[in-house]
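Read the structure below first, then the notes.
Sequence positions, counted from 1, serve as the residue numbers for this chain.
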Amino acid sequence: MTLQQEIVGNAMQMAVVNLRLGQTVYCEAGKFLFKTVNVTMETRLSGPSGAGGGGQQGGGGGMGGMLRQAVGTAMQAGQRALAGESLAFQYFTSTGGEGTVGFAGVLPGEMRALELDGTRAWFAEKDAFVAAESTVQFGIAFQGGRTGRSGGEGFVLEKFTGHGTVIIAGAGNFIDLNPADFGGRIEVDTGCVVAFEEGIRYGVQRIGGLNRQGLMNAVFGGEGLSLATLEGDGRVILQSLTIESLANALRKAQGGDKQGPTGGLFSSDAG
């Protein structure tokens, strides 16, 4: 059954989730806002099993089952740590009738509820995950090879599978696109990709060649050396604000602008 939720607010949206008796929703540590007193909260290192049991991991009984569970939990936590994600999840279960829980992202911007029917996974940028039903599995997908080395933000992606509702957040405003409506391919600032459906091919390409115009794009164009490419037929969600541009604006407001006159390769804070 679809998670009963409402996204409220404008510049900094929140998700208000209504839980049925016994229903569980989990979030990344730090995304919780409030709850009613009949909702229990538990922090765990393990992710959900996808069986609707609130994240308990299987593995059989006895010492062997306990060992397998411990190893599985350690591997999940290690993978999230390697990806720079939170080590823990917080689980919320309604124990006395219907309960309410509130969640929010960490940047000013929009939130979106995605419905998974088990046929297609969703991929999202790192830190986009806010909360999900316990029937949705959270994983990490690494973009290896040339894409990973060149893509920056695209190297680590969050992956959601299973059935149910997952809530994500981003910066600024969202726009939904399908590359199939634009000839099958769109090129995007690497920091603007929020999420996309399984079946969309994600890659990174260099802007221009090692010539005068390519160098002009990289140094003065504000995009660096690479653009993200999204190809195929499926839903893509982009955001209007990048973390880098927000950080540059805050530094400038504080009198510590490191961007300089170019806005391109020299826009990073050297430190």
Q: Heavy atoms only: give me the nearest A169-F174 pair and the separation to one decimal.
A: C-CZ, 4.0 Å

Q. When rounded to the nearest 0.5 angstrom, what distance separates CG in N18 from CG in L3?
A. 8.5 Å

Q: Nearest 0.5 Å please: distance from the CD atom of E115 over to the CD atom of E133.
A: 7.5 Å

Q: Mark yes when over 12 heavy atoms from residues, nucleotides or ligands other than D181 sit less than 6.0 Å from its CG; otherwise mark no.
A: yes

Q: Report yes or no: do I175 and Y202 belong to one cluster of Ile/Leu/Val/Met/Phe/Trp/Tyr joined by side chain heavy-atom distances under 4.5 Å?
A: yes

**Q.** Gap separating the OG1 atom of T93 from the CE atom of M41, nearest 0.5 angstrom
**A.** 11.5 Å

Q: Spell out, as yes or no, whether a donor-acceptor pair under 3.5 Å connects the side chain of S94 to the backbone of Q23.
A: no

**Q.** Test item: I200 and P179 side chains (from C-beta on) under 4.5 Å apart, heavy atoms
**A.** yes

Q | Trace of the side-chain contact (heavy atoms from CB on, under 4.5 Å) decision for L230 with V188 | A | CA-CA 8 Å; L230 297 161; V188 184; 4.0 Å; yes

Q | Shortest non-hydrogen contact between I7 and A113, atoms and distance | A | CD1-N, 3.8 Å

**Q.** Heavy-atom closest contact (A128 atom, V194 atom, distance)
**A.** CB-O, 4.5 Å

**Q.** Shared hydrophobic cluster for L250 and V106 (ILVMFWY, side-chain gaps under 4.5 Å)
**A.** yes

Q. For the side chain of N173 and the backbone of G109, is there at least one donor-acceptor N/O pair under 3.5 Å apart?
A. no

Q. Would I237 and L114 satisfy side-chain contact (heavy atoms from CB on, under 4.5 Å), going step by step from the backbone distance to the final call?
A. CA-CA 11 Å; I237 302 175; L114 306 175; 3.9 Å; yes

Q | Backbone N/O of A171 and side chain of Q239: donor-acceptor pair under 3.5 Å | A | yes

Q.
Quick check: closest heavy atoms across T190 and A228, and the distance to 0.1 Å?
A. CG2-N, 3.5 Å

Q | Donor-acceptor contact below 3.5 Å, side chain E231 vs main chain T229 | A | no

Q. Among F129, F92, F32, F138, which residue meets the ring pair (Phe, Tyr, Trp, His ring centres under 6.0 Å) test with Y26?
A. F129

Q. In Å and rounded to the nearest 0.5 Å, what is the CD to OG1 distance from E6 to T100?
A. 11.0 Å

Q: Indicate if V236 and F182 have the same hydrophobic cluster label, given that clusters are the connected sets of ILVMFWY residues with side-chain heavy-atom separations under 4.5 angstrom.
A: yes

Q) What closest approach, in Å, do T242 and C192 show between heavy atoms, and which atom pair accounts for it? A) CG2-SG, 3.6 Å

**Q.** Over-ring placement of R44 relative to Y91, 6.0 Å and 45° cut-offs
**A.** yes

Q: Locate the shortest heavy-atom distance separating G96 from N38; write the atom from each residue and the value.
A: O-ND2, 2.9 Å

Q) Taking NZ, NE, NH1 and NH2 as the nitrogens, is one of them in R120 or E198 under 4.0 Å from a carboxylate oxygen of the other? A) no

(Q) Test side-chain contact (heavy atoms from CB on, under 4.5 Å) on M111 and V130; report intermediate values, then the result. (A) CA-CA 9 Å; M111 302 180 74; V130 175; 3.8 Å; yes

Q: Test K159 against I140 for side-chain contact (heavy atoms from CB on, under 4.5 Å), laying out the working first.
A: CA-CA 6 Å; K159 182 179 181 180; I140 300 295; over 6 Å; no

Q: Output the distance between atom CG (L177) and atom CZ (F196), rounded to the nearest 0.5 Å.
A: 14.0 Å

Q: Please answer: with hydrophobic residues joined when any side-chain heavy atoms are less than 4.5 Å apart, are F103 and V16 in the same cluster?
A: no

Q. What about F34 and M14, same hydrophobic cluster or not, with Ile/Leu/Val/Met/Phe/Trp/Tyr joined at side-chain heavy-atom distances under 4.5 Å?
A. yes

Q.
Measuring from atom CG of D189 to atom CD of E187, what distance do you get when rounded to the nearest 0.5 angstrom?
A. 12.0 Å

Q) Has the side chain of N178 got a donor or acceptor atom that lies under 3.5 Å from a matching backbone atom of G234? A) yes

(Q) Any carboxylate oxygen within less than 4.0 angstrom of a Lys/Arg side-chain nitrogen, looking at E197 and R235? (A) no

Q: Using atom types as modelled and distance alone, determine if a side-chain donor or acceptor of H163 lies under 3.5 Å from a backbone N or O of L116.
A: no

Q.
Tell me whether E158 contacts the main-chain N or O of D127 through its side chain, where contact means a donor paired with an acceptor under 3.5 Å.
A. yes

